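Below is one structure, written out as structure tokens, with a few remarks after it.
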2 protein chains.
Amino acid sequence: MTKRSLAAEESPDHANGSGHRKRRQPAHSHKVTIGDIARHAGVSKTAVSFAFNRPGRLSAETTRHILNVARELGYTPNPVARSLNTRRTHALGVIVPQDIPTVLSNPFFAELMSGIGEVCKVEGMSLVIVPPMRGSLEEATYAALVDGCVVTGLSAEDKAVRALRMRRIPFVMLDADAPDDIASVQVDDYRGAYLAMKHVLDLGHRRIAIATFEPFTGRVEDYTGTLRHRFSGYRAALAEVGMSLCSPRIHIIECSCDVAGGKRAFQLLTTLRPQPTAVVALSDVIAFGLIEAAHCAGVCVPEDLSVVGFDDIEASHLLRPALTTVRQPTREKGRRAAEMFIQMLRAEEPAQPQHVMLPVELIVRESSARAAR
Amino acid sequence: MTKRSLAAEESPDHANGSGHRKRRQPAHSHKVTIGDIARHAGVSKTAVSFAFNRPGRLSAETTRHILNVARELGYTPNPVARSLNTRRTHALGVIVPQDIPTVLSNPFFAELMSGIGEVCKVEGMSLVIVPPMRGSLEEATYAALVDGCVVTGLSAEDKAVRALRMRRIPFVMLDADAPDDIASVQVDDYRGAYLAMKHVLDLGHRRIAIATFEPFTGRVEDYTGTLRHRFSGYRAALAEVGMSLCSPRIHIIECSCDVAGGKRAFQLLTTLRPQPTAVVALSDVIAFGLIEAAHCAGVCVPEDLSVVGFDDIEASHLLRPALTTVRQPTREKGRRAAEMFIQMLRAEEPAQPQHVMLPVELIVRESSARAAR
DNA sequence: CTGCGGTGATAAACTGGTTAACGCTCGGCG
DNA sequence: CGCCGAGCGTTAACCAGTTTATCACCGCAG
């Protein structure tokens with residue numbers, strides 16, 4: 001810290017004086033870099049780096065000195081530059097096929113992310129919500145600053161998924177039928193739907209509406225993933241009483257996946273003939289909308305109309321009537337997926353991807369009752 | 001693309017042959033870089049970069065060729081390296097003082113982030129939830145890969161806030177009394193609390209509990225930010241009827257800010273003497289828990305107990321009894337903060353930071369009624 | 001024949017850090 | 001006295017891109 005400090009102090013001055021001053025940024029906005037600290041402290045960049053990341057590698061005095069200089073100049077290592085070297089961002093991405101307001105308005109998604117967040121908490125990571133960018137999820141994955149991700153609501157053939165795969169970014173698929181070489185976590189949607197439908201059938205209902213949340217193409221056969229399994233479940237339950245999705249007493253109502261969508265579904269429902277006596281919704285929030293609209297219209301749930309949801313979000317048991325629904329372990333689903341991702345991240349060798357199927361459970365509460373008559 | 005392509009192809013080969021092969025990574029995990037593409041395509045790194053970012057800067061043929069090679073080799077620009085240069089991450093951070101599961105379990109926060117997400121959507125950004133890292137929010141801000149952030153639930157004196165300030169990272173404070181030089185958005189918590197308390201007082205209640213969600217130090221004077229304003233509001237309303245927070249008929253119950261906390265608050269409430277006839281909660285989810293627990297205990301809301309919430313989250317109007325609460329424009333609050341942040345990001349010169357105060361509104365529904373007798 | 005402007009591509013510097021490898025000094029030990 | 005290792009610091013390469021300045025080449029006007 002005597003001769004060397006002088007030398008170190010001189011060399012940059014010399015470099016500066018000797019010609020190029022190509023700083024483009026005006027002085028006022030010049031962010032202070034590791035080099036500035038090194039210069040002011042009279043040490044090498046390495047020393048500064050060590051002072052921040054490798055306590056003990058330097059003498060206590062030097063470390064203290066460097067840290068002091070850094071504090072005085074308001075220096076902090078640039079996290080992006082750091083990530084470039086370490087190849088770690090300490091961030092877990094969640095790829096969602098819709099925009100953020102839509103996703104976060106949905107309590108189901110919030111719970112799912114909360115589950116993923118449990119792992120972030122343990123691992124000291126932040127959570128990045130990655131929505132489509134200029135309409136393209138693929139493009140969004142190109143720009144995401146993450147160590148890997150959990151992919152929701154996409155099929156394995158999706159371009160974004162293929163892109164992740166090609167780049168060998170570790171990721172886990174949620175609620176999708178993944179090929180063997182892609183890790184996945186899903187719930188038993190088939191059984192959940194089966195249970196829901198069987199429940200209303202057991203209660204004697206035969207005029208039933210299904211409130212679903214994705215653009216219904218008219219061809220149930222075209223569905224993939226979650227929706228496909230659920231409709232298979234409905235079909236199976238209906239078959240047991242000699243009915244099918246095409247029966248004239250079965251109606252399929254398409255609506256947006258939120259409370260407003262449920263309300264709209266109720267309006268549509270009132271126009272149907274024969275009038276359904278039960279609705280099976282593909283989501284609790286849709287069921288909420290149905291119940292609310294029914295309440296406003298003077299239709300009693302469950303006396304005049306039985307309503308069954310799907311998900312069992314927290315609010316479902318607080319409602320009056322409390323919602324009969326299919327519980328899926330939403331938080332655990334998120335947690336498991338994130339845990340699998342962490343495993344992949346740690347693994348030296350690419351291990352055999354796991355596939356997890358979580359059970360569901362019918363929760364009978366107050367919104368469903370025996371059919372009148 | 002004739003002689004030069006040859007020359008370009010040779011030079012790296014030569015460089016490789018001439019000595020150092022210090023690739024540390026085993027071949028199998030070697031990620032393909034811009035250099036690999038340049039070599040295979042027989043062009044310079046610059047050309048590859050231009051092919052991706054500067055259409056038109058290269059001849060159409062060259063661009064096509066490079067892009068083809070890139071596709072074949074499964075190449076995609078490293079977003080971290082790119083961010084280092086461009087100094088843009090296309091990510092907006094939300095600094096939260098609690099861990100992610102806690103935050104996302106709270107519908108109020110979900111709505112807030114949904115509002116912030118509206119801006120992300122418009123700007124094509126992703127949203128990063130930045131929780132404390134190893135207990136330290138300050139440390140978390142050092143590692144966050146974001147262009148700037150919205151800070152929630154912190155006071156201006158917090159170390160994390162000071163860190164952001166020192167590093168000249170653009171950020172906006174939410175729900176905090178910010179100094180002039182820090183942009184902020186808040187709601188009129190004072191008035192909200194005043195209205196809530198006045199409401200129950202007007203209904204004739206005099207034995208009142210306040211269910212609050214932060215470690216109650218016993219000294220209301222020590223609160224900062226939101227909590228301080230709200231308690232000022234309560235105090236003002238009480239003063240109008242000659243009471244104060246210290247009156248023997250006013251009880252302050254501390255609980256966690258979730259449904260379970262509300263339930264626990266109800267248990268505590270039943271032990272109080274004199275028994276309160278009304279509860280003013282600092283959050284709707286706490287009110288939910290209160291109502292649920294009351295229901296289970298056979299206590300009728302609002303006949304036996306009036307409950308007033310705060311926030312007006314979506315579920316509040318779906319509950320039976322529908323919740324009387326103070327509506328704050330949660331989504332708008334998030335959106336405004338994010339918009340201000342975007343402005344700061346765009347601004348060449350640091351402009352005068354704005355301070356926005358949003359209004360609140362009392363929404364009287366079914367959970368509050370005139371005091372018995 | 002020379003000068004000049006426009007294309008299309010490149011070399012080299014730059015973004016802001018981390019890290020492998022090495023050098024120097026000094027104390028302990030054979 | 002010479003060797004060895006530990007402690008402390010440095011140099012230079014490296015991470016994977018972007019950007020500036022430059023240059024070769026071509027056609028064309030002077």
Side-chain angles (χ1 to χ4, degrees), chain A residues 1-5 7-8 11 15 19-20 22-25 30-38 41-63 65-66 70 75-89 142-143 145 167, chain B residues 1-5 7-8 11-12 15 19-25 30-38 41-63 65-66 70 75-89 142-143 145 167:
Chain A
M1 173 91 18
T2 50
K3 320 167 197 178
R4 248 198 316 293
S5 106
S11 114
H20 43 113
K22 34 184 68 172
R23 284 257 156 275
R24 275 148 307 174
Q25 316 192 19
H30 174 246
K31 294 218 168 166
V32 22
T33 73
I34 198 174
D36 299 329
I37 305 306
V43 298
S44 66
K45 291 196 305 175
T46 305
V48 179
S49 178
F50 283 167
F52 277 89
N53 316 313
R54 218 71 68 97
R57 184 63 176 69
L58 259 36
S59 75
E61 193 192 353
T62 309
T63 301
H65 176 229
I66 293 175
Y75 168 77
T76 263
N78 178 325
V80 178
R82 190 185 282 214
S83 288
L84 181 56
N85 270 300
T86 60
R87 273 166 290 278
R88 293 283 268 113
T89 62
Y142 289 150
L145 269 29
R167 292 191 293 157
Chain B
M1 171 93 17
T2 50
K3 319 168 198 179
R4 245 198 320 290
S5 106
S11 115
H20 41 113
R21 56 183 72 268
K22 32 183 69 171
R23 282 258 154 275
R24 274 151 307 178
Q25 317 193 18
H30 175 247
K31 293 217 170 169
V32 23
T33 73
I34 199 173
D36 299 328
I37 304 306
V43 297
S44 66
K45 290 197 306 176
T46 309
V48 178
S49 178
F50 283 166
F52 276 89
N53 316 312
R54 217 71 67 97
R57 185 70 175 66
L58 258 37
S59 75
E61 195 192 352
T62 308
T63 301
H65 176 230
I66 293 175
Y75 168 77
T76 265
N78 178 323
V80 179
R82 189 185 280 214
S83 287
L84 180 56
N85 272 297
T86 60
R87 272 167 290 278
R88 292 284 268 115
T89 63
Y142 288 151
L145 270 28
R167 293 191 292 157

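Proteins come first, then strands; the chains are lettered A, B, ... in the order of their sequence lines, and each starts at number 1. Quick caveat, the model's predicted, so the values are computed rather than measured.
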Quick check on C:dT7: is either OP1 or OP2 less than 4.0 Å from any side-chain nitrogen or oxygen of B:Ser59? no
B:Lys45 has an atom NZ; how far is it from atom P of D:dT18, in whole Å? 10 Å
Would you kindly give the CZ-to-P distance between B:Arg54 and D:dT19, to the nearest whole Å? 5 Å
Tell me what A:Arg88 touches on the nucleic acid: a base, only sugar-phosphate, or nothing, going by heavy atoms under 4.0 Å. nothing
Is the shortest side-chain N/O distance from A:Thr33 to OP1 or OP2 of C:dG16 below 4.0 Å? no
Counting only side-chain N and O atoms of B:Tyr142, is one of them less than 4.0 Å from OP1 or OP2 of C:dG17? no
Measure CD1/B:Ile66 against C1'/C:dT10 and give the value in whole Å, please. 12 Å
Hey, does the side-chain of A:Asn78 have a donor or acceptor N/O within less than 3.5 Å of a partner on the base of C:dG17? no
Between B:Gly56 and A:Pro77, whichever has its closest DNA chain C nucleotide further toward 5' is B:Gly56
Contacting residues from residues 46-53 of chain A, given that a heavy atom lies under 4.0 angstrom of DNA chain C: A:Thr46, A:Ser49, A:Phe50, A:Asn53
Look at the side-chain N and O atoms of A:Thr86 and state whether any lies under 4.0 Å from the OP1 or OP2 oxygen of C:dG17. no
NA contact type, A:Leu58, heavy-atom cut-off 4.0 Å: base, sugar-phosphate, or nothing? sugar-phosphate
Give the angle between the helix axes at the two ends of the helix from C:dC1-D:dG30 to C:dG30-D:dC1, taking five base pairs at each end and rounding to 10°. 70°
Rounded to whole Å, the CZ-P distance (A:Arg57 to D:dA6) equals 13 Å
NA contact type, A:Thr63, heavy-atom cut-off 4.0 Å: base, sugar-phosphate, or nothing? nothing
Output all residues satisfying ring-ring contact (aromatic ring centres under 6.0 Å, His included) with A:Tyr142, sequence neighbours left out; order by chain, then residue number. none
Between the side chain of A:Asn85 and the main-chain N/O of A:Arg82, is any donor-acceptor distance below 3.5 Å? no
Looking at C:dG16, does its base get a donor-acceptor pair with the side chain of A:Arg82 below 3.5 Å? no
